[in-house]
There are 2 protein chains.
Amino acid sequence: MSEYKKIIDTIRKFNRFYTVNMGFLNSNYLDSSYSVAETRILFEIKMNESCTQSDIVKILHIDKSYLSRIVQRLCTRGIMQKIKSEDDKRTTKITLTEMGKKETDRLIELTNMQIGAKVAGLSKEDCNELCDALNTIILILGKEVN
Amino acid sequence: MSEYKKIIDTIRKFNRFYTVNMGFLNSNYLDSSYSVAETRILFEIKMNESCTQSDIVKILHIDKSYLSRIVQRLCTRGIMQKIKSEDDKRTTKITLTEMGKKETDRLIELTNMQIGAKVAGLSKEDCNELCDALNTIILILGKEVN
DNA sequence: AGCATTTAGTGGATTTTGTCAACTAAATTG
DNA sequence: CAATTTAGTTGACAAAATCCACTAAATGCT
């Protein structure tokens with residue numbers, strides 16, 4: 001079997017396994033008070049400190065009007081703030097409020113616990129091996145630029 | 001850093017990387033004529049040859065009423081068939097029609113090409129290493145029963 | 001400069017997706 | 001054989017996501 005056929009089959013098998021086994025990846029089992037999209041947006045802002053809506057649109061590939069409404073909702077809920085940019089008056093910087101930061105941290109903690117539950121029974125050796133394997137994949141697939 | 005903290009951080013990093021980099025996983029960029037749910041259902045029936053709706057409900061964790069309607073739709077589109085079971089008259093076996101099989105194969109071929117594009121530039125060595133890493137993850141995480 | 005095009009974000013209207021509860025019919029429990 | 005469970009269907013809704021048209025600001029072009 002050629003390398004390509006083998007790797008494609010393996011990735012296919014992995015995807016199937018991972019989405020079932022780690023199915024919470026894109027689930028709202030996390031916390032019913034935030035949708036999947038909201039959660040991803042919160043995580044993204046957390047990572048990027050401060051960013052514009054179009055930044056998020058580009059990264060997460062979601063519709064700009066959809067995002068706009070989500071941001072509005074989260075603003076009225078006191079989770080984030082829109083700050084008019086001085087240099088480019090079309091754009092608004094989005095930042096988390098104190099409450100938003102706390103909430104995001106809480107959500108991260110929740111996912112950590114879910115992940116923790118998944119690996120709870122693993123031995124030290126398995127943990128290390130798993131880490132290596134995950135990093136290997138990031139390294140190799142990261143070479144492919146898109 | 002403890003093994004657990006390390007592995008949780010790594011999985012978190014991996015999830016982020018993989019959903020962005022391999023984002024097509026659960027996308028309908030695949031083929032606009034089938035929704036994500038429809039595609040998953042088609043793949044599942046393909047794998048299990050013949051199965052009941054409740055089988056699929058259990059495997060894919062989707063609402064039975066939701067599934068029922070999707071199956072109906074795909075039946076009227078000539079993709080699949082419901083066959084009354086003799087032994088248990090509550091259940092209906094679902095099978096793909098010839099057209100359904102062709103369509104499913106076509107969808108699989110499409111994902112294969114998407115995956116292929118992702119790994120196109122990899123060396124033989126990288127391919128093998130990647131395969132090993134993916135299989136390692138399946139092996140280790142597969143130990144954890146849920 | 002001045003006009004055309006692009007970009008950021010908003011809002012209306014709609015479709016798609018997914019959920020919940022109630023129901024029928026058949027199977028299972030005990 | 002009555003009570004409970006299971007498989008699937010349907011109605012009514014709610015949530016999520018998309019499409020399109022629009023305003024205002026920035027950028028490109030000649």
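In what follows, chains are A, B, ... by sequence order, proteins preceding strands, each numbered from 1.
- Taking atom NZ on A/K93 and atom P on D/dA25, their separation rounds to 18 Å, with Å as the unit.
- Although no hydrogens or angles enter the test, the distance criterion places a donor-acceptor pair under 3.5 Å between the side chain of B/D55 and the main chain of B/T52.
- Residue contacts shown for B/K58 are limited to sugar-phosphate atoms, with no base heavy atom under 4.0 Å away.
- Distance, A/K82 NZ to C/dA8 C1': 11 Å, rounded to whole Å.
- Formation of a donor-acceptor pair under 3.5 Å by the B/K118 side chain with backbone atoms of B/N21 is found in this model.
- Between C/dT17, C/dG9, D/dA16, one nucleotide has an atom nearer to the side chain of B/S35 than all others, and that is C/dT17.
- OP1 or OP2 of C/dG11 has at least one side-chain nitrogen or oxygen of A/Q72 nearer than 4.0 Å.
- In this structure, B/I83 atom CD1 and D/dA7 atom C1' are separated by 17 Å, rounded to whole Å.
- In this structure, the side chains of A/K6 and B/C131 come closer than 4.5 Å at one or more pairs of heavy atoms.
- Distance B/E38 CD to C/dT17 C1': 11 Å, rounded to the nearest Å.
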Sugar-phosphate atoms are those with a prime plus P, OP1 and OP2; base atoms are the rest. Using that split, label each nucleotide of nucleotides 22-30 of chain C B, S or - for protein heavy atoms under 4.0 Å, 5' to 3'.
-> ----BS---

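- Formation of a donor-acceptor pair under 3.5 Å by the B/T97 side chain with backbone atoms of B/I79 is found in this model.
- Taking 4.0 angstrom as the limit, A/S68 places a side-chain polar atom (N or O) nearer than this to OP1 or OP2 of C/dT10.
- Remark: the B/R69 side chain and the D/dG11 base include a donor-acceptor N/O pair separated by less than 3.5 Å.
- Residues A/S65 and A/T91 each lie close to DNA chain C; by heavy-atom proximity, the contact nearer the 5' end of the strand is made by A/T91.
- Counting only distance, with no hydrogens or angles, the side chain of A/R40 and the backbone of A/S35 share no donor-acceptor pair below 3.5 Å.
- Salt bridge absent: B/E103 and B/R77 never bring a charged side-chain N and a carboxylate O closer than 4.0 Å.
- At whole-Å resolution of the value, CG in A/L60 and C1' in D/dA16 are 15 Å apart.
- Separating the CD1 atom of B/I70 from the P atom of D/dT10 is a distance of 15 Å, rounded to the nearest angstrom.
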Yes or no on salt bridge (charged side-chain N to carboxylate O under 4.0 Å, His left out) for B/D9 and B/K13, after CA distance, side-chain angles and deciding distance?
-> CA-CA 6 Å; B/D9 279 358; B/K13 188 175 72 173; over 6 Å; no

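- Between the CG atom of A/D63 and the P atom of C/dA13 there is a distance of 17 Å, rounded to whole Å.
- A sub-4.0 Å separation between OP1 or OP2 of D/dT6 and a side-chain N or O of B/Q53 is absent.
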